[in-house]
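Positions are given from 1, in the same order as the sequence printed here. All of these numbers come straight from a predicted model, not from anything done at the bench.
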Amino acid sequence: MVYRFVHTADIHLDSPLRTLALRNAELSDLIGLSTRRSFVRIIDLCLEERVDALVIAGDLYDGDQTSMKTARFLAEQLARLHEADIQTFIVRGNHDALSKITAELVIPDSVKVFGSVAETISIDRAPGEFPVAIHGLSFAKPQAPEGLLRHYAVPVPDAVNIGIMHTSLGGSAGHDLYAPCSVADLRQTGFRYWALGHIHKRSAVEDASSAIIMPGIPQGRDINEDGPKSVSLVTIRDDRSVVVEERQTAVAQFERLIVDISRATDWKDVVLEAKGTLERLSSAVSADHLVARVEVTGATELAWRIRRDVDILRTELETHGARIGNVWIEKVVTSPVAAPRQDVRTGALDELAAIIDSEIHGSTEYRDEVRSIADELRGQLPTELREIFGRDEASFESLLAQYAKDGALQVLARLRGGEGE
């Protein structure tokens, strides 16, 4: 009697690398293939749990893909579900709205790709089983500034109604507004389950009448998509109650690792503290691989040396990560501040720091000069790597401000430490 399905979204198959292409080649290969490997895990989960369907709520691809290798891979995976009598329901989102592959791919009869006109699919069920209706609507264009909810049909009477929609809801940091609607709007439809997509962070709103689930991205692609990633395994019981289980799917998990070296008295202490913190994080991560961005922070008289020898520290951590196994260092960021020294220079350096904060960083001329240098460097990079300087104007400006702050801290740390004079 039960009806079960796996709900996922934002797979972004074969998404191009954003920040790793200029660094570790092995790590680049790992992340470059991770979206495929995560998708295979999703298919495996469907087969292991013997579900009735797989629901994909948009952004199966990362854009207007033309690679037939991607097409073949997808066809092979969907065929595995077809052979097991598992249906697949797909809506297109903003990234895959114009995908030539989805439009031209020869897919099994068990796969339903919803078009730009809302449809309702009634599921064939055995006599005596409660009826199930699947509602879906794909983006016709990459932009969807208006709400789509009004286009969906009313619930099928006496059926368990499941809606699939790609939407930003009321908006989320880092995501443009697409097909906006509210949780209250979704509840009022009378649908038992809403399978959403678009926002890469998982969220769930459940009560006795409905379950509204945003599963998040199943595989993070950079440090901005850190933390565990998952899909939803959904069971609709005989009494039509809904049980939602979160199942981990990430092959590689990005994490931010803060290493406080305030108590370190020498370089050995710094290295040991960093290694110990990395080990503790590694033991807590469920994914096959940990990809860590390490930030070394704290007040210490070793501040200048840490900034100067960050490459040595990174090598130490990479070597230790290899010993632990499947632990990778994405980047090492150093932001320690020099501990105050009781000498005649302390007051002058504090005054210099205040001048830098109040007069230089806030100066229009300074910001314009930094922006000009960054624009020139960005223009020399290949197109696919330019997001290193930010994905939009806001992130670009934020990145430049952080670089300026780090540079000032490095100068002050060197002056306080008295090295290199």
Side-chain angles (χ1 to χ4, degrees), residues 5-12 15 54-63 89-97 114 116-120 133-155 160-221 224-234 242 244-247 249 391-392 394-395:
F5 60 94
V6 169
H7 166 208
T8 187
D10 303 291
I11 296 164
H12 295 280
S15 177
L54 169 64
V55 172
I56 303 175
D59 287 356
L60 176 57
Y61 301 111
D62 195 63
F89 298 96
I90 302 172
V91 301
R92 298 190 193 184
N94 55 296
H95 277 273
D96 56 0
F114 287 89
S116 57
V117 176
E119 295 180 72
T120 301
I134 310 288
H135 304 253
L137 172 62
S138 288
F139 281 22
K141 301 177 181 179
Q143 294 79 32
E146 304 296 329
L148 299 177
L149 188 56
R150 68 184 185 276
H151 298 296
Y152 283 72
V154 297
V160 171
N161 289 269
I162 300 168
I164 313 172
M165 182 188 293
H166 199 76
T167 173
S168 59
L169 291 176
S172 178
H175 294 274
D176 293 330
L177 199 63
Y178 290 104
C181 64
S182 69
V183 169
D185 293 335
L186 295 173
R187 279 176 167 162
Q188 289 176 2
T189 62
F191 286 15
R192 192 67 187 84
Y193 186 94
W194 273 103
L196 306 182
H198 182 65
I199 298 173
H200 290 184
K201 184 176 181 180
R202 184 180 180 85
S203 64
V205 179
E206 300 179 67
D207 59 24
S209 63
S210 64
I212 302 169
I213 308 296
M214 187 78 71
I217 193 169
Q219 171 59 60
R221 297 167 296 165
N224 295 312
E225 295 171 343
D226 57 334
K229 303 302 175 187
S230 60
V231 298
S232 293
L233 174 61
V234 183
V242 177
V244 181
E245 302 175 58
E246 184 179 359
R247 295 296 181 91
T249 52
R391 302 177 193 174
D392 51 36
S395 60

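- You'll find the side chain of E225 stays beyond 4.5 Å of the side chain of H12, heavy atoms only.
- Across all their heavy atoms, A9 and A57 have their closest contact at CB-O, 3.7 Å.
- In this structure, CG in L233 is found 12.5 Å from NE2 in H7, a value given to the nearest 0.5 Å.
- You'll find the side chain of N161 stays beyond 4.5 Å of the side chain of R192, heavy atoms only.
- When all heavy atoms of F191 and V154 are compared, the pair lying nearest together is CE1-C, 4.3 Å.
- For the atom pair D207 CG and I212 CD1, the distance stands at 7.5 Å (nearest 0.5 Å).
- Under the 4.5 Å side-chain criterion, counting only non-hydrogen atoms from C-beta, V55 is not in contact with I134.
- Side-chain atoms of T189 and H135, non-hydrogen and from C-beta on, never get closer than 4.5 Å to each other.
- Not one N or O on the side chain of H198 forms a donor-acceptor pair closer than 3.5 Å with the backbone of D59.
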Exercise for review: With side-chain contact (heavy atoms from CB on, under 4.5 Å) as the test, would you mind laying out the steps for S182 and L169 before giving the verdict?
Suggested key: CA-CA 5 Å; S182 69; L169 291 176; over 6 Å; no
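- Expressed to the nearest 0.5 Å, how far OG of S232 lies from CD of E246 amounts to 7.0 Å.
- Checked against a 6.0 Å centroid threshold, the rings of F5 and F89 do not count as neighbours.
- Of the inter-residue distances, the one linking I199 atom CD1 with M214 atom CE reads 4.0 Å to the nearest 0.5 angstrom.
- The salt bridge (charged side-chain N to carboxylate O under 4.0 Å, His left out) check on D226 picks up R256, with sequence neighbours excluded.
- I56 approaches I164 most closely through the heavy-atom pair O-CG2, 4.2 Å.
- Considering NZ of K229 and NZ of K201, their distance stands at 8.5 Å, rounded to 0.5 Å.
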Review point. Does the pair D10 and H166 meet the rule for a side-chain contact (heavy atoms from CB on, under 4.5 Å), with working shown?
Key: CA-CA 9 Å; D10 303 291; H166 199 76; 3.4 Å; yes
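- The minimum heavy-atom distance linking T249 with P218 is given by the pair OG1-O, 2.9 Å.
- Between the NE2 atom in H200 and the CD atom in Q219 there is a gap of 12.0 Å [rounded to 0.5 Å].
- Residues Y193 and I213 have side chains in contact (heavy-atom distance under 4.5 Å, counting atoms from C-beta outward).
- For the pair V183 and W194, the minimum side-chain heavy-atom distance is 4.5 Å or more.
- For the pair R202 and P215, the minimum side-chain heavy-atom distance is below 4.5 Å.
- Using a 4.5 Å cut-off on side-chain heavy atoms (C-beta onward), L148 and T167 make no contact.
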